[in-house]
Undergrad: 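Pasting in a structure now, in structure tokens, and then I'll have a few things to ask.
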Amino acid sequence: MSKMMKAVRMYAPRDLKVEQVPVPKIKNHEVLVKVMAVGICGSDIPRILQYGAYISPITPGHEFAGQVVEVGKDVKEFASGDRITVPPLMPCFKCEYCQQGHFSLCKDYNYFGSRCDGAFAQYVAVPEGNLLKIADNVTYEAAATTDPLANALHAIKRSGFKSGDKICVLGVGAIGLYAIQYMKAKGAAVVVAVDVTDEKLAVAKNCGADVTVNGLAADVVDQIVKATDGGADVCIDASGFPAAQHNGLMATAKHGKMVLLGISHKPLELTEKCVDLFMRHEKTMVGSWNSFSKPFPGWEWTHGVECLADGTIDAEKVITHKLTLDEAPAIFEKIYNKELFFNKILFLPWMD
């Protein structure tokens, strides 16, 4: 195997370069993974286009799947040739939150693609504890979307969802679409999808949404309440936009639960009516952060790969692009200039 590989390196926001870099040298507890597919996460977009990462330069990318090609001498459960996906969080396992199994709240963690080099590359070194085997009938492309699926499952778990509930999902990127697919498959009475893009609403319909609502409409809340016959038992905001968050809370049913999942960089102001209904209808609002539980990486990940294998989740309904690493700088510029409709964009480094 060559000692060099291709990787996408970020030097500053909007400064991406495709370069030849050394193949990582694995430690005793690590394996070397040949990256077969890696996705652009919604969090990658502001990181790469606006805010930057914790270190620079860095290889981004944390949603990935691949094949083990080299194994450290202390690795016990994995061998060369294994097909895997990778939960990207590397918790300390020592702080009080890790001890409680709340790994997403870890005080001293590492993370592929934002705190250390990630998978926009042909190879990446991965600790054995971050490997998860995938079934033979699951493609690498589908397996690379386990991370957004696990995020959706974590939010669903936080919501207390049960069969027969009336559902509203605001923001139908990959996470929102997976939430729709899963809850519809598990017996949701009605699923309402809300987004400002008609193309995404069409995809949401294909993923199982019973009703779609354009978030720019003046009567968004009324449409959701009507479609759910009084309000959504579970409302998940996967958009991060304050207007959507406010609308979702307004449209949540009595004793319903609103989950904030989408990352927001703006303040959320609640109207007097919204606060009044929140109290009078005894609604609950909870946060959902990342995708992990005990035993690490948690039900969200183990159940997620099961759902991909048994057909509960169809990743191809969510994936819109399959590109080479060489196309990364140009595709991010298209995203920056709002020239592109997309849901899940994948890079396939083996094509380079």
Undergrad: May I ask you to decide if C41's main-chain N or O and D44's side chain share a donor-acceptor pair within less than 3.5 Å?
TA: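 Side chain of D44 to backbone of C41, a donor-acceptor pair under 3.5 Å: yes, one is there.
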Undergrad: Is the backbone N or O of I40 less than 3.5 Å from a side-chain atom of K344, with the two atoms forming a donor-acceptor pair by type?
TA: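 Such a contact is found between K344 side chain and I40 backbone.
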Undergrad: Any sub-3.5 Å donor-acceptor pair from R158's side-chain atoms to G287's backbone N or O?
TA: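 At least one qualifying donor-acceptor pair exists.
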Undergrad: For the residue pair V21 and R9, establish whether any side-chain heavy-atom pair is separated by less than 4.5 Å.
TA: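 Contact flag for V21/R9 side chains = yes.
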Undergrad: Could you grab the distance from atom OH of Y54 to atom CZ of R47, nearest 0.5 Å is fine?
TA: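 Between Y54 OH and R47 CZ, I get 7.5 Å after rounding to 0.5 Å.
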Undergrad: Are there more than 12 heavy atoms of other residues, nucleotides or ligands under 6.0 Å from atom NZ of K34?
TA: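 No.
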Undergrad: Below 4.0 angstrom, N of the basic side chain to O of the carboxylate: do K273 and D276 qualify?
TA: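 So K273 does not pair with D276 through a salt bridge.
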Undergrad: Does the distance from a Lys or Arg side-chain N to an Asp or Glu carboxylate O, for K162 and D233, drop under 4.0 Å?
TA: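 No, K162 and D233 are not salt-bridged.
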Undergrad: Check the pair F64, Y140 against ring pair (Phe, Tyr, Trp, His ring centres under 6.0 Å), reporting the backbone distance first and the verdict last.
TA: CA-CA 8 Å; F64 64 105; Y140 287 117; over 10 Å; no
Undergrad: Please identify which of these residues, E70, M5, K6, meets the side-chain contact (heavy atoms from CB on, under 4.5 Å) condition with Y123.
TA: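 Of all the options given, the one that passes is M5.
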Undergrad: Begin from the C-alpha positions of W350 and Q122 and carry the test side-chain contact (heavy atoms from CB on, under 4.5 Å) through to its verdict.
TA: CA-CA 7 Å; W350 61 268; Q122 292 177 310; over 6 Å; no
Undergrad: With a 4.5 Å cut-off on side-chain heavy atoms, are I84 and V33 touching?
TA: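 Yes, at least one pair of side-chain atoms sits under 4.5 Å.
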Undergrad: Distance check, rounded to the nearest 0.5 Å: L323 atom CG versus L346 atom CG?
TA: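 If I round to the nearest 0.5 Å, the distance is 8.5 Å.
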Undergrad: For a quick test of reading the model, state the closest non-hydrogen atom pair linking T59 to A121 and the distance between them.
TA: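 Reported closest heavy-atom pair: CG2-CB, 4.1 Å.
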Undergrad: Taking the six-membered ring of F241 as reference, does the NZ or CZ atom of K266 fall below 6.0 Å from its centre and within a 45° cone about the axis?
TA: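 Not satisfied by the 6.0 Å and 45° rule.
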Undergrad: For the pair H246 (side chain) and T271 (backbone), establish whether a donor and an acceptor sit closer than 3.5 Å, ignoring hydrogens and angles.
TA: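 Checking the backbone N and O of T271 against the side chain of H246, a donor-acceptor pair under 3.5 Å is found.
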Undergrad: More than 12 non-hydrogen atoms from neighbouring residues, nucleotides or ligands closer than 6.0 Å to CD on E272, yes or no?
TA: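 At most 12 heavy atoms, drawn from other residues, nucleotides or ligands, come within 6.0 Å of this atom.
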Undergrad: Compare every heavy atom of A244 with every heavy atom of S239, then report the nearest pair and how far apart it is.
TA: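 In this case the closest contact between S239 and A244 is OG-CB, 3.3 Å.
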Undergrad: Measuring only between side-chain heavy atoms, which start at C-beta, is V35 closer than 4.5 Å to P349?
TA: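 Yes; the side chains approach each other to less than 4.5 Å.
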Undergrad: Let me confirm one number: the CG-OH distance from D147 to Y178, rounded to the nearest 0.5 Å.
TA: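 Result: 10.5 Å between the selected atoms.
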Undergrad: Looking at every non-hydrogen atom in both residues, tell me the closest pair between S56 and M10 and how far apart they are.
TA: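 Minimum heavy-atom separation between S56 and M10: OG-O, 3.8 Å.
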Undergrad: Closest approach of I48 and F120, non-hydrogen atoms and distance?
TA: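 For I48 versus F120, the nearest heavy atoms are CD1-CE2, 4.1 Å.
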Undergrad: Establish, from distance only, whether the side-chain atoms of T312 and D310 form a donor-acceptor pair under 3.5 Å.
TA: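 Yes, a side-chain donor-acceptor pair sits under 3.5 Å.
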Undergrad: Looking at T85 and A143, would you say the former's side chain and the latter's main chain have a donor-acceptor pair under 3.5 Å?
TA: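 Answer holds: yes.
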Undergrad: For H265 together with Y51, are the ring centres under 6.0 Å from each other?
TA: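 When the ring centroids of Y51 and H265 are compared, they turn out to be within the sub-6.0 Å range.
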Undergrad: Can you tell if the side chain of L89 reaches within under 4.5 Å of the side chain of N110, non-hydrogen atoms only?
TA: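 No; the side chains remain at least 4.5 Å from each other.
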Undergrad: More than 12 heavy atoms of other residues, nucleotides or ligands under 6.0 Å from CD of E339: is that the case?
TA: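 Count over threshold, so yes.
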Undergrad: Regarding D210 and K205, does a basic nitrogen lie under 4.0 Å from an acidic carboxylate oxygen?
TA: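 No, no charged N to carboxylate O under 4.0 Å.
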Undergrad: With rounding to the nearest 0.5 angstrom, report the CG to SG distance, L153 to C307.
TA: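 Interatomic distance, L153 CG to C307 SG, rounded to 0.5 Å: 6.0 Å.
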Undergrad: Using the rule that Ile, Leu, Val, Met, Phe, Trp and Tyr join whenever any side-chain heavy atoms are under 4.5 Å apart, tell me whether W301 and I175 fall into a single cluster.
TA: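 Cluster IDs for W301 and I175 differ.
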Undergrad: Does E327 pair with K334 as a salt bridge, N-O distance under 4.0 Å?
TA: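 Salt bridge flag = no for K334 with E327.
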Undergrad: Please answer whether the main-chain N or O of K254 pairs with a side-chain N or O of R280 as donor and acceptor at a distance below 3.5 Å.
TA: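 No, the answer is negative, given that no donor and acceptor are paired below the 3.5 Å cut-off.
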Undergrad: Output yes when E96 and K107 qualify as a salt bridge under the 4.0 Å nitrogen-oxygen rule, no when they do not.
TA: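 Looking at K107 together with E96, the answer is yes, because their closest N to O distance falls below 4.0 Å.
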Undergrad: Return the orientation label for the F332 and F347 ring planes: parallel under 30°, perpendicular over 60°, tilted otherwise.
TA: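 Ring orientation of F332 relative to F347: tilted.
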Undergrad: Could you tell me whether K17 and D15 make a salt bridge, using a distance below 4.0 angstrom between a side-chain N and a carboxylate O?
TA: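 Looking at K17 and D15, the cut-off is met.
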Undergrad: Verify, without hydrogens or angle tests, whether D195 (side chain) and T197 (backbone) share a donor-acceptor contact under 3.5 angstrom.
TA: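 Side chain of D195 to backbone of T197: a pair is present.
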Undergrad: Between D74 and K27, does at least one N-O distance fall below 4.0 Å, as a salt bridge requires?
TA: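 K27 and D74: not salt-bridged.
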Undergrad: Side chains of E128 and H29: donor-acceptor distance under 3.5 Å anywhere?
TA: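 Per modelled atom types, E128 and H29 side chains form no pair under 3.5 Å.
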Undergrad: Could you report the tightest heavy-atom contact between V318 and C207, atom names first, then the distance?
TA: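 In terms of heavy atoms, the two residues are closest at CG2-SG, 4.5 Å.
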Undergrad: Measuring centre to centre across the rings, with the benzene-like ring taken for any Trp, is Y111 within less than 6.0 Å of H62?
TA: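 Between H62 and Y111, which both carry aromatic rings, the centre distance is below 6.0 Å.
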Undergrad: Should the pair H303 and W299 be assigned to parallel (<30°), tilted (30 to 60°) or perpendicular (>60°) ring geometry?
TA: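 Geometry flag for W299 against H303: parallel rings.
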Undergrad: Report the C-alpha separation of M258 and F278 in whole Å, then their side-chain angles, then the decisive distance to 0.1 Å, and conclude whether the side-chain contact (heavy atoms from CB on, under 4.5 Å) test is met.
TA: CA-CA 10 Å; M258 171 77 180; F278 182 78; over 6 Å; no
Undergrad: If you count heavy atoms of other groups shown closer than 6.0 angstrom to CD of Q100, is the number above 12?
TA: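 Yes, enclosed.
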Undergrad: Determine yes or no for a side-chain-to-main-chain donor-acceptor pair under 3.5 angstrom, with K283 supplying the side chain and L249 the backbone.
TA: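 Yes: the side chain of K283 pairs with the backbone of L249.
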Undergrad: Write down the atom of I167, the atom of T228, and the distance for their closest heavy-atom approach.
TA: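 Minimum heavy-atom contact is O-CG2, 4.3 Å.
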Undergrad: Decide if the gap between the ring center of F93 and the ring center of F296 is smaller than 6.0 angstrom.
TA: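 Yes, the ring of F93 comes within the 6.0 Å limit of the ring of F296, centre to centre.
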Undergrad: Check for a donor-acceptor pair, side chain of Q245 on one end and backbone N or O of L268 on the other, with a separation under 3.5 Å.
TA: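 Judged by distance alone, no pair lies under 3.5 Å.
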Undergrad: Taking atom CG of L170 and atom CD1 of I236, what is their separation to the nearest 0.5 Å?
TA: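 Answer for the CG-CD1 pair, L170 versus I236, is 9.5 Å.
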Undergrad: Counting only N and O atoms by type, is there a donor-acceptor contact under 3.5 Å from the side chain of D222 to the main-chain atoms of D219?
TA: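 Checking the backbone N and O of D219 against the side chain of D222, no donor-acceptor pair under 3.5 Å is found.
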Undergrad: What verdict does the salt bridge (charged side-chain N to carboxylate O under 4.0 Å, His left out) test give for K133 and E77, after you've listed the backbone C-alpha separation in whole Å, the side-chain angles of each residue and the deciding distance to 0.1 Å?
TA: CA-CA 10 Å; K133 291 180 182 178; E77 303 296 328; over 6 Å; no
